[in-house]
Amino acid sequence: MLKRPLEQAQSRLLENVSPWRWLASVRLAVAIFIAYFLAARLSLFLQTHPDGVAVFWPAAGVSSGILIALGRDVRWPVAIGVIAATLTANLTSDRTVWGSSAFALCNAGEALLVAWLIERYVSRDFTLTRLRNVAGFLAAAIVGTAISGVGGAVSYKLFHAPDVPFLITWRHWFTSDGIGIITVAPMMLGLVALARVPTPRLEVIEGATVLAAIAAMTGIIIFVLPEIWWDIVVPVELLFPLLLWLSARCRFAFTSAAIFVISLLIVCAVTFHIGHFGKIGPTLEARIWGAQAGIVGVAFSALLLAAAFAERRQHAAVVAAVLNTVEDAIITIDAKGVVKDLNPAAARVFRYSPGEVIGRNVKMLMPEPYHREHDDYISNYLRTGQAKVIGHGREVAGRRKDGSIFPMELAVSEMVVSGRRMFTGVVRDITERKQVEQHQALLVAELDHRVKNVLAQVAVVAMSTRQGSRSIDEFLRSLNGRIQSMAAAHTLLSKSGWQSVGLDALVRNQLAPYATDTNVTIRGTDVMLIAAEIQAVARVLHELVTNAAKHGALSTPGGHVSVSWNRKPNRDGAQLMLVWQENGGPPVTSAIQSSYGTNLIRNLIPHELGGRVDLAFALEGVTCRIEIPIRQI
C-alpha cells in the first residue's frame, strides 16, 4: 500500500531536482540579482541625507513584486538573488562586510515576509484588480517594512553609524522601503500579467501615449508650475485626469508603470534640486517628506482607480458572459424606446446584427399594429405611473429583419441606471410552441373524428352481424372477430403514426391466427397503403379469412390459401392488383355465396376506395380479385 505514495514522492523529488528546474531557478536568481542590484545602486545614487538613507528603495518593490507574482515556488531564487545583489551594492559603496550581510538578510526577509502575508491573509493567486486586494497589499507592505526596518535599523546602528538615533534610521528604512514596494511591486505584477496574456496593439499604443503624457505633465509640474501655486497635493490633482483615463481604458500594467515614472521623476527633482518641486519646504527633511507624501498620494489614488475599474470590467464581463450564454433574448431600451443593448440570443431571434439595432427605436422589431400601442403604453406609464409595466410573459408579435412576423412571449421590467429609467425586455420566440399547440389541436380534432368513425363502423358491423346471425353465441363470435380485425388494423396504423402501412404486414397480420408453414403462401411487391385503404382492405381480408376458416380452404388440413399482389402503373398513378386464391377446401354452398361477409367483400372496396372486386365461388375454391387505385405509395 505504501509503494505508490513512495513512488509519487520520489517522482516529485526528481522533478524538483531535475537539471531543467535548476537551470530555470539559476536564471531567475541571476535576473533578480541584476534587477535588484540596478535598483539598489539607483537608490544609493539618489541619497539625500548624510546618514545614507534614500528617499525610496525601489529594489524592495522588485523583489516583493516578483515573489508575489510568481508565487512561493520561486522564494529561494528570489532570496538568493536579493542577498547577492544587496552584498554587491553595499560592498561597492562605503558599507562593511558585516553590515552588508545584515542588510542582505533584512532585505531578503522583507520580501519573503510581504509575500507570505499576502498569500496567507489575502489570496494565493494575487492580483491588484480588486479593492480588497489593494487594501491587503498596502497592509502587507506596511507590516513587512515595519518589521524589516527594526532589523535594518539595528544593523545600521551596529555596523555602520552608531551615532544615528535608532528611530530616525527605522523611520527612513520604513518609508523608503514601503514607498519602494508600493510604487514598484505593482509594476512587477503588471509586467508578469502582460507576459502571460498579450495586450492588443491599439491598447498598447494608447497606454504608451498616456504614459508619455503623464511624464510630460509631471515635467510641467516640476519645471513650469509657478512656485506660488505649489502645494503638496498639486501633483495628485493635476495628474488625476490622466491617471483616471489610463485606469479606465488600459490594463493595470500601464497604471503601475505610470506610478513608477511619476515617483522616479519626483525623487530626482528632490534629490538634485530640479525645478520648483526641489525647492519647496524650508529644509531638506521637509522636501523629502513632501516628495514621499506626493508619491504615496499618487500611488494610492492610481491603485484604487485601477482596481475600481478592473472590478467594473470584471463585473461587466461576468454580466456579458451570462447574457451571451442565456437562451432567452434580452433587450434594453431607454424611456424613449431607443435600444441600448441586446444579447446574441436577441440578435438571432430577430436576425439583426447588434449594430443594426442599437441606437434605433425598438419599434423596428414590432409589426405595424403594435407601434401606436407601444407609444401610448410607455408615455402613459412615464406620465402617470398608473400603467403597469409587463411583469409576466405576455404573448405579442415580433418582426424579423426579413419582415416576417412571429409570435413571442415578452416580459418587461424597469430599472434605474444613473438616474435614468431603463426597461429590460426578455423575449422568447414561441413559434415552435405555437406550432406544437396547433398540431395538438389538429390531433385532438382528428382523434375525435376517427373515434366517431370507428364507433359508427362498429355500430354498422354490429347491426349487420346481428341480421346474419342465427343465435346470440354466433352473433358474439362474429362481432368479436370483426372488431378484433379493425383493432389490428388500427394497431398497425398507430405504430406508423397513421402515415402508411405495408400491405405485406397487413396480410400477415390478418392471416396470423390460422396460418402455418404449409397452408398459406404470401407474395407481392412492396406496396404502402394509407389509413383509409388499410382499414377497408383489412375488413375485406378478415371476411375472406373468416369464410376460409369456417367453410373454405383453412377449415381442412389439406387446404391452401394463396395471397399475391403487384402494382401496375396507370394514368393517375398506380393500380394495386390483389388476388385471393383458395384450393383444397370443401365444396362451396349457397349459404356462403349470399351472406353479410360476401356482401361486404363485394361492396366495401368499390364504395370506400373506388376500386373493383371480383368474387368467384368455383368448385376448386374461392377466388377474389381486387383492384384499388393507390393514392399514396
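All values below were derived from every heavy atom in this structure, side-chain atoms included, with hydrogens, water molecules and symmetry-related copies excluded. Counting from 1, the numbers follow the sequence of the chain as shown.
- Arg433 and Glu395 are joined by a salt bridge, as a carboxylate oxygen and a charged side-chain nitrogen come within less than 4.0 angstrom of each other.
- Ile405 pairs by the side chain to side chain contact (heavy atoms under 4.5 Å, CB included) definition with Pro367, Ala397, Arg399, not counting sequence neighbours.
- Annotation: Phe252 is not in aromatic contact with Phe309 [ring centroid separation under 6.0 Å not met].
- For the pair Arg539/Leu600, a side-chain contact is recorded, criterion being any heavy-atom separation below 4.5 Å from C-beta on.
- Remark: Thr199 pairs with Arg251 by the side-chain hydrogen bond (donor to acceptor under 3.5 Å, both in side chains) rule, at least two apart or across chains.
- Rounding to the nearest 0.5 Å gives a distance of 9.0 Å between CG of Leu529 and CG of Leu609.
- For Asp429 and Arg400, the salt-bridge test passes: some basic side-chain N is under 4.0 Å from an acidic carboxylate O.
- With 3.5 Å as the limit, one finds a donor-acceptor pair spanning the side chains of Glu356 and Ser353.
- Here the CZ atom belonging to Phe254 is positioned 6.0 Å from the CG atom belonging to Leu194, to the nearest 0.5 angstrom.
- Around CZ of Arg523, the count of heavy atoms belonging to other residues, nucleotides or ligands within 6.0 Å does not exceed 12.
- The pair Asp334-Arg421 fails the salt-bridge criterion, with no side-chain N (NZ, NE, NH1 or NH2) lying under 4.0 Å from an Asp/Glu carboxylate O.
- Side-chain contact, Gln314 with Thr129: a donor N or O sits under 3.5 Å from an acceptor N or O.
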Residues Leu342, Ile330; criterion side-chain contact (heavy atoms from CB on, under 4.5 Å); working and verdict: CA-CA 6 Å; Leu342 75 161; Ile330 300 176; over 6 Å; no
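- Remark: the backbone N or O of Val427 is not paired with any side-chain donor or acceptor of Asp328 at under 3.5 angstrom.
- Contact of the Glu206 side chain with the Cys250 side chain is registered, since non-hydrogen atoms from C-beta on lie closer than 4.5 Å.
- A donor-acceptor contact shorter than 3.5 Å links the side chain of Asn603 to the backbone of Asn599.
- Between the side chains of Ser123 and Asp125, not a single donor N or O lies within less than 3.5 Å of an accepting N or O.
- With rounding to the nearest 0.5 Å, the separation of CD1 in Ile601 from CG in Asn547 is 5.5 Å.
- We find the OG1-CG distance between Thr623 and Leu615 to be 8.5 Å, quoted to the nearest 0.5 Å.
- In this structure the side chain of Met408 never reaches within 4.5 angstrom of the side chain of Arg428, judged on heavy atoms.
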